[in-house]
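First comes the structure, then the notes that go with it.
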There are 2 protein chains.
Amino acid sequence: MKRLFAAMVALVLVTCAMSLSAQTILSPNGNLQLSFELRDGVPTYSVDYNGAPVILPSRLGIDLVGAGDLLDGFEVGEVKDSTFDEVWETVWGEETHIRNHYNELLVQLKQPNTNRLMNVRFRLFDDGYGLRYEFPRQRRLTYFTVGEERTEFALTGDHRVFWIPGDYSTQEYDYFDSRLSEIGALAAQYAPSSDSQSRFSDWGVQTALTMKSDEGVYITLHEAALVDYSCMHLVYNPDTKTFTSWLTPDAIGNKGYLQTPCVSPWRTAVITDDARELLASRLTLNLNEPCKIEDTSWIKPTKYMGIWWDLIAKKSAWSYTSEGNIKLAEVDYTALKPHGRHGATTENVKRYIDFASKYGFDQLLVEGWNIGWEDWSGKHKDFVFDFVTPYPDFDLPGLQQYANERGVRLMMHHETSSSIRNYERRMDEAYQFMVDNGYNAVKSGYVGDIVPRGECHYGQLMNNHYLYAVEKAAEYKIMVNAHEAVRPTGLCRTYPNLICNESARGSEYHSIGTIHPHHVTILPFTRLQGGPMDYTPGLFCMDINSFAPRNKAKVRSTLCNQLALYVTMYSPLQMAADMPENYERHIDAFQFIVDVPVEWSQSRYLLAEPGDYVVIARKDKNSEGWFVGGVTDEHKRTLEVAFDFLEEGKEYVAKVYADAKDADYEHNPEAYVIYEGRVNAKSKHKIEVARGGGFAISLRPATAADKRIKRLK
Amino acid sequence: MKRLFAAMVALVLVTCAMSLSAQTILSPNGNLQLSFELRDGVPTYSVDYNGAPVILPSRLGIDLVGAGDLLDGFEVGEVKDSTFDEVWETVWGEETHIRNHYNELLVQLKQPNTNRLMNVRFRLFDDGYGLRYEFPRQRRLTYFTVGEERTEFALTGDHRVFWIPGDYSTQEYDYFDSRLSEIGALAAQYAPSSDSQSRFSDWGVQTALTMKSDEGVYITLHEAALVDYSCMHLVYNPDTKTFTSWLTPDAIGNKGYLQTPCVSPWRTAVITDDARELLASRLTLNLNEPCKIEDTSWIKPTKYMGIWWDLIAKKSAWSYTSEGNIKLAEVDYTALKPHGRHGATTENVKRYIDFASKYGFDQLLVEGWNIGWEDWSGKHKDFVFDFVTPYPDFDLPGLQQYANERGVRLMMHHETSSSIRNYERRMDEAYQFMVDNGYNAVKSGYVGDIVPRGECHYGQLMNNHYLYAVEKAAEYKIMVNAHEAVRPTGLCRTYPNLICNESARGSEYHSIGTIHPHHVTILPFTRLQGGPMDYTPGLFCMDINSFAPRNKAKVRSTLCNQLALYVTMYSPLQMAADMPENYERHIDAFQFIVDVPVEWSQSRYLLAEPGDYVVIARKDKNSEGWFVGGVTDEHKRTLEVAFDFLEEGKEYVAKVYADAKDADYEHNPEAYVIYEGRVNAKSKHKIEVARGGGFAISLRPATAADKRIKRLK
């Protein structure tokens, strides 16, 4: 990476000392203005957008445990402002180059009563801001315990908001689309759907969340660079129309252990009057540190299939036997009677390898390959998995060889059952086992209650664990796709082997019928703001019962909606989640999944409205091809694609995968049409999308032979 | 070990089924009788000694969390009794061969309401009993959470008892010598002396504790084989005169997570009317599993010195610099100003090596060799030590070589600061570093609050950690001496590389003047019942202020009391704790420490009364020599040694190290006399011991040249 940086950094740094009590900076384009002032010794900031307030005066500060607070009694010391502008190159991403351009305000604060120092650093971009607390090395503040962080976002109205309930342990919620004032009543009605939920307040919400004011201003709140700190939630006060930060506690109720010098994560807001700019924002990535991995050549975006959906849909099982109560140190599986529903059998895996190889997939995830699945969850079990022992009917070296001979790799799966003590003890052995057996990517999982007990998924201890697992994986040149971990905050810039995360309700919830069509029109504005999601799209058989007799659920999406997700839900890791037999039923539509790349050089956000629709175009990093995806919510609508992102004066052939006229996510989800037409940068094309529908387009430069193809209307 | 067992097992096993509701077994010699019966469905047992009750009917059972209790509603199923008799060979110990002889009663219990099974296994030895719960593999009880264990010891009177307050995190208390009925009031007065204390009830006490009835019967309560379970305390009810078990909770208040099939540790009582038999009891070891380490040739009892007492006494420091607030990942010590009081400097360590080598010590412990000591404790710090980086003024490879050339090894020190996540993450590297640098023994420490937070030192999670550290050390052929870990329960039989523990108030408390003379007359009956203690005796300079100007404390012991401890406080690891310059002042007395071995073939308990005095004789494993030690409490007394343990008809030369006539632990602690005399098995010798005093005798077979030596009178 260093090599790349050297080539393209364009850095301007201006520093000047100021001494006024109210400090103001403008964004580079002047549209945003951020002001800081002490109000009776309380640090306060506010933000205007195009001359109108968007964040009203909001307090800043930290409650400490047993050591006084860093909330008030402050004086302003030195104040510095500066400008930064560089372009950096991504290892992978929505585009190859990202501009990082902001004006910065660093306010040094001092509490004369305690002789303590705390700085607040603001970075104001054209599309929003980040602020963080910085605790310099000092005599009067060395080790300290955070009781609560009190960062406010005071809002100007009862905005519409896309949110999920605050929870210390899971983000796998359906999104609410409501007014801010309705959060409390809606959350109170919401019955917990799993044991893993750790709710703390009916007014608590998780980030990233996105709001829209009645004046049409969008605001996305989140955090960036969550390192050695607990995850931030927000609690809304309807009387003051203010969100205040609310950190995840540890087992004894403390919210963080810090040692100076140190910094908090960035608290961020993306602010714009064009929803497409929310999608285009790189603010979260820009607030993270540059890549720390010297050699990134082994980090490869990956398209994969998996022994997964038939497990999730309950066609087959992770486990090998119906005998429960397994003790891993003592069990001899060869002496146990198999129940016959094990998914990861050598035979079944070979079938998947054959299919994945035929259609050019990079990897095949195999879940349920390793011993311990009989009673892995909900048992408070410490030694759940050993990560190195296959079931007797899974010929690991034979299958890896079989796959390699066909140009495919097996992808590792490490479910930890949230027993992180067990995982950390076995991690070196588990990663070395991967290296020895030709794996270079692991899907890790953190289902259930944490061991050590009393910790939550999003506390500082666990956040340190997730990063430990990623950093150690990098030593072994392993890519990590962590599920049930804390939601991403742009750390993939610093550690690009953190190739993906789950951290939201993914496609798996289609197996119980609880993904609503609007979900995929909200995720890009919320969850995806922090980093890519292993959403696992590509479901082609919407009547799950037809292949999994024990399951009556239906996928609530049209087939073309599923195709569109490969473009609208950016990820360097994309799964074709369905089973070969389901793809073979619609092999012409499957061609889009075969064609769509996972490496992009450019992205264009064509149409966007949170909760309604998203249309995105992306250019393949390795060809002149473009790909377009569009999704809608539960309403059918006409989406017009303007092809002005194409190279001027050049002709392309567009292959359109669209909902059939009578398609509908509830009544006729698998109906689609495929047609081709020539387009250029001046072309526009209207597509009717069904309820819960979508479309996908692949575009390739036209050749002489394509003259026979008609222009798209 | 297997080889040894094969040679000497003499095993008789008789099983017969019984079906009465009250079941009774006798000890092999018939002195003890144990009865089990169900009383209204409640499992109950009682014990008689020489025909009189010693344990009145006492309940047995377990409270579960969220799953009904295993306390009552039981029926008796099959009942089996059997006899076991074998002799096993120790890797190290107070004797080379130990007889394990008991009658056993296994009672199978069934709760018809729940269809659950729980067995109670009793083993009745001539000197006491053990009982444990066993949970067989069954459908209705697989994974379960312990709310509390309700094992009772109902007593026959208001016995005298030697006890320390119940505490989840430390055993470093002074012992109380009181009536049972006085526990509550005495504990309530007891002000916590350190932050690490986690008290839970004024009536709570720790095991091992020893009682004496008005009828002269001694009872020692403890546990054996504490594996995968939380440490047992006892709570006394003065109304019912009953102790009930009280387990150590985890961070969320649960007391254990079990999976069937499994067993509890043994709950034990040693019962005798002769206090010397308490010391001779091998019941705790016998209730542990045989050695699990195949090759034990690398496990060697060790006599050592250390860079330790001058740190403890505050003459020098563990730390290198006065700069606090160290971040281990970032610090460059060579850029920091040393404070000049660092103890583990190359120069000072060489001085110790020279002395240790001259007097034939095996090892030299060096504390404060590694970076991180500036702010290691009380900071809730996660990454406290890395265990592999020496301070810049400690030339580790050079010193290890210097030591090796002089027949000495350096001993490793791993203070963990109780951040066990950090220690487990670094353990492999730390142990490999030891192997690479020629270390074969580590003193580990667990000072302060546990990370992960909310856990206590004696909970199941930590108990698993201690054993993990010992088992992993065995893989590297490393001996472990764990301080501040849970008190031992005989696990050194199974893992003899667990060479020692602290787990009580050790000699270090002399540095603050808080060891009372009776302490060493109580420890052999309490703490030492579970396994050896690294008590670190051998203090020769009682006026600490004379060498450590910042410290006004005095050692509350005579010099001969210190010598006696090498015999009375059995341990395969014995330290000469004082500094070379202090030994050189009394080099004639130091000769006893030079001569006394750490490997014994036989032990004889000559005189014993808890809280008053202990006199023990032991035979060197590697010569015909015997060594005798005797200690008293705060009272001067005359102790008569009968040498009837010597080989009949053989003459020996005894060298006696005795308190001088005017010696006194408060007024004249370093006054002693040394004299020789010939003795044989018919000899007796009276020794006056001072207040806080003692004596030591080394015995060697007389040669012709010894005829000039007078007979001892």
Side-chain angles (χ1 to χ4, degrees), chain A residues 65-66 137-146 228 249-254 256-262 323-330 374-375 377-384 419-429 449-455 459-462 464-465 468 472, chain B residues 65-66 137-146 228 249-254 256-262 323-330 374-375 377-384 419-429 449-455 459-462 464-465 468 472:
Chain A
V65 175
R137 179 175 282 276
Q138 55 194 294
R139 285 213 172 276
R140 300 294 176 195
L141 193 66
T142 53
Y143 296 88
F144 60 105
T145 301
V146 177
D228 200 22
D250 72 359
I252 58 173
N254 290 329
Y257 301 88
L258 301 184
Q259 179 187 357
T260 58
C262 56
E323 311 268 338
N325 194 10
I326 295 294
K327 288 194 170 184
L328 228 56
E330 297 163 15
E374 284 66 26
D375 45 9
S377 178
K379 307 293 187 194
H380 279 291
K381 200 170 173 175
D382 190 343
F383 180 21
V384 202
S419 179
I420 64 149
R421 184 168 75 162
N422 181 55
Y423 193 39
E424 292 198 2
R425 284 180 175 180
R426 295 170 189 281
M427 194 176 279
D428 274 301
E429 188 189 355
D449 292 340
I450 307 294
V451 178
R453 296 163 187 100
E455 295 292 330
Q460 186 184 20
L461 184 119
M462 284 302 294
N464 283 352
H465 165 81
Y468 175 76
K472 198 172 256 298
Chain B
V65 175
R137 181 176 280 277
Q138 55 193 294
R139 284 213 172 275
R140 300 293 176 195
L141 192 66
T142 54
Y143 296 88
F144 61 105
T145 301
V146 176
D228 200 22
D250 72 359
I252 58 173
N254 290 329
Y257 301 89
L258 300 184
Q259 179 187 357
T260 59
C262 57
E323 310 268 337
N325 194 10
I326 297 293
K327 288 194 169 181
L328 228 56
E330 297 164 14
E374 283 66 25
D375 45 8
S377 177
K379 307 293 187 195
H380 279 293
K381 201 170 173 175
D382 190 342
F383 180 21
V384 203
S419 179
I420 64 150
R421 185 169 74 162
N422 181 55
Y423 192 39
E424 292 197 2
R425 284 179 175 181
R426 297 171 188 280
M427 194 176 280
D428 274 301
E429 188 190 356
D449 292 341
I450 307 294
V451 178
R453 296 164 187 97
E455 294 291 331
Q460 186 184 21
L461 184 119
M462 285 301 295
N464 283 352
H465 165 81
Y468 176 75
K472 197 170 257 296

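Here is how names work: the chains are called A, B, and so on, in the same order as the sequence lines, proteins then strands, and each is numbered from 1.
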Contacts of A:K379 that satisfy salt bridge (charged side-chain N to carboxylate O under 4.0 Å, His left out) - sequence neighbours left out = none
Could you tell me whether the side chain of B:R421 and the main chain of A:E424 form a donor-acceptor pair under 3.5 Å?
-> no
Residues forming a salt bridge (charged side-chain N to carboxylate O under 4.0 Å, His left out) with B:E374, sequence neighbours excluded = none
Correct closest heavy-atom pair for A:G454 and B:I252 would be CA-CG2, 3.4 Å
Select, from B:A251, B:P261, B:G324, the one with the greatest count of heavy-atom pairs under 4.5 Å involving chain A.
-> B:P261
Chain B heavy atoms under 4.5 Å from A:I326: which part of the residue, side chain, backbone, both or neither?
-> backbone
Option that, when pairs with chain B are counted at under 4.5 Å, heavy atom only, ranks first among A:V451, A:N254, A:D375 = A:D375
Report the distance from atom NZ of A:K472 to atom CZ of B:R425, rounding to the nearest 0.5 Å.
-> 9.0 Å
Answer with side chain, backbone, both or neither: which region of A:D428 has an atom nearer than 4.5 Å to a non-hydrogen atom of chain B?
-> neither
Hey, does the Lys NZ or Arg CZ of B:R453 hover above the aromatic six-ring of A:Y257, less than 6.0 Å from the centre and inside 45° of the axis?
-> yes
Would a distance-only check, ignoring hydrogens and angles, find a side-chain to backbone donor-acceptor pair under 3.5 Å from B:K327 to A:Q259?
-> yes
Does A:N325 reach the main-chain N or O of B:T260 with its side chain, forming a donor-acceptor pair under 3.5 Å?
-> yes
Of A:H465, A:R139, A:M427, the largest count of non-hydrogen pairs under 4.5 angstrom with chain B goes to A:H465
So, for A:H380 and B:T145, which heavy atoms are closest and what is the spacing to 0.1 Å?
-> CD2-OG1, 4.3 Å
